[in-house]
Amino acid sequence: MSALEELQQALRTVSDHLEQAQRQLVTSRTALHQAEGALRGLDPDNPETVVPRGMHRADDQIEHVLSTVEHVDEAVRRFATGL
């Protein structure tokens, strides 16, 4: 196997791992939203008493990381295509 083929294989592996990370982030975000909904249901009139303040920040952080992973995956794919 040539060095170029090895590099292309390594980039495919990286891309696969990034796709897996994206799926896990989406699953995590869904679970976070479900947890927030369940907590709101405990006291619908006063959800601020049962929903931790940090939940919205956690959602923002997941969104930021998801966006970053998507950009990196796109850059890896462009680089691999250009080889």
Practice prompt. Could you tell me which non-hydrogen atom of Asn46 sits nearest to which non-hydrogen atom of Thr49, and how far apart they are?
Written response: O-OG1, 2.7 Å
Item to complete: Taking all heavy atoms of Leu25 and all of Ile62, pick out the closest pair and write down the distance.
Response: O-CG2, 3.8 Å
Worksheet item: Does a side chain donor of either Gln9 or Arg12 reach within less than 3.5 Å of an acceptor in the other side chain?
Response: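 On atom types as modelled, these side chains qualify, holding a pair under 3.5 Å.
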Return the [atom1] to [atom2] distance between [X] and [Y], rounded to the nearest 0.5 Å.
{"X": "Glu48", "Y": "Asp43", "atom1": "CD", "atom2": "CG", "result": "7.5 Å"}
{"X": "Asp60", "Y": "Met55", "atom1": "CG", "atom2": "CE", "result": "12.5 Å"}
{"X": "Glu74", "Y": "Phe79", "atom1": "CD", "atom2": "CZ", "result": "15.0 Å"}
{"X": "Thr27", "Y": "Leu32", "atom1": "OG1", "atom2": "CG", "result": "12.5 Å"}
{"X": "Asp73", "Y": "Thr68", "atom1": "CG", "atom2": "OG1", "result": "12.5 Å"}

Worksheet item: Should Met1 and Leu11 be counted in the same cluster of Ile, Leu, Val, Met, Phe, Trp and Tyr side chains packed under 4.5 Å apart?
Response: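 No.
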Practice prompt. Consider only side-chain heavy atoms of I, L, V, M, F, W and Y, link residues closer than 4.5 Å, and tell whether Leu4 and Val76 are in one cluster.
Written response: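 Yes, it is one cluster - the side chains of Leu4 and Val76 are joined through contacts under 4.5 Å.
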Discussion item. Any side-chain to backbone donor/acceptor pair from Thr30 onto Val26? Under 3.5 Å, distance only.
Written reply: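 Side chain of Thr30 to backbone of Val26: a pair is present.
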Worksheet item: Does Ser67 reach the main-chain N or O of Glu63 with its side chain, forming a donor-acceptor pair under 3.5 Å?
Response: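 Absent.
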Heavy-atom side-chain contact between [X] and [Y] under 4.5 Å:
{"X": "Leu39", "Y": "Pro47", "value": "no"}
{"X": "Arg40", "Y": "Val50", "value": "no"}
{"X": "Asp59", "Y": "Glu36", "value": "no"}

Discussion item. With a sphere of 6.0 Å drawn around NE2 of His33, does it hold more than 12 non-hydrogen atoms of other residues, nucleotides or ligands?
Written reply: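 Result for NE2/His33: enclosed.
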